[in-house]
Amino acid sequence: MSDRPLPRAERRRRTEERILGAARALFAEVGFERATIRAVAAAAGVDPALVMQYFGSKRELFARAAQVAPAPGADLGPDELVHQLLRTLNLKMGELPQGSLAMMRSMLTHPEAADSARAALRDQIDRLAAAVQGEDARLRAALMTAVVLGVTVGHHLLELPELREAPPERIAGLLGPALRVLAGRPAGEPGDDA
């Protein structure tokens, strides 16, 4: 291994990732309102001024730390779209990424966190609406998003025993037909719910 110092850009990238990791953990643990720049800096082992230099504000730090994975794209048919949503839900029923947990914990208690959540969910609804198309595409996409979000919140934040104890494949089997109808497949058509 070389003893040469890392290039400045690589040091900066690593510091930024360390700050984001500390922010995700803190936002997930205490939410937006109770997390402070000073606490994030302490957890990351940097000066609070450096956090502000990299991210500008607590809101921007939260937005970056709480970014969620994009929704499936417009090139999927109803069955593929539902399969992708159920696979995403299955992942969300496991260990939720700290950024997602931070977003969910904070979105109902702080206006800035709610704005970030709305922006992320609008993007997801846009992508789903492009995939489902047809009459009421945006409404159907919003309903699909709300179902997945609701199950995730019920499982992780509310810790509803019925959701925590049920095998993910059972939840997928029950949700699959409803999501398929919302995705544009006529009710009663068979489909693979796994």
Side chain to side chain donor-acceptor pair (under 3.5 Å) partners for Arg59, two or more places apart |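 Here the qualifying residues are Asp115.
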Supply the atom-to-atom distance [X] [atom1] to [Y] [atom2], rounded to the nearest 0.5 angstrom.
X	Y	atom1	atom2	answer
Arg118	Ile125	CZ	CD1	11.5 Å
Tyr54	Thr15	OH	OG1	4.5 Å
Leu149	Gln124	CG	CD	8.5 Å
Glu17	Arg24	CD	CZ	6.0 Å
Phe27	Leu20	CZ	CG	9.5 Å
Arg180	Leu175	CZ	CG	10.5 Å

I need the minimum non-hydrogen distance between [X] and [Y], along with the two atoms involved.
X	Y	result
Leu128	Ala141	CB-CB, 3.6 Å
Glu159	Arg164	CA-CD, 3.4 Å
Val151	Leu163	O-CD1, 3.8 Å

How about Glu10: does its CD atom have over 12 heavy atoms from other parts shown lying under 6.0 Å from it?
->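 Result for CD/Glu10: enclosed.
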Quick check: does any side chain N or O of Arg140 sit under 3.5 Å from a backbone N or O of Leu182, one acting as donor and the other as acceptor?
->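 Judged by distance alone, yes, a pair lies under 3.5 Å.
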Please report, to 0.1 Å, the donor-acceptor pairs under 3.5 Å made by any side chain of residues 30-53, with sequence neighbours excluded.
unit_1: Thr36; atom_1: OG1; unit_2: Ala39; atom_2: N; d: 2.9
unit_1: Asp47; atom_1: OD1; unit_2: Ala49; atom_2: N; d: 2.8

Ion pair present between Asp123 and Arg127, side-chain N to carboxylate O less than 4.0 angstrom?
->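 Result for this pair is yes, salt bridge flagged.
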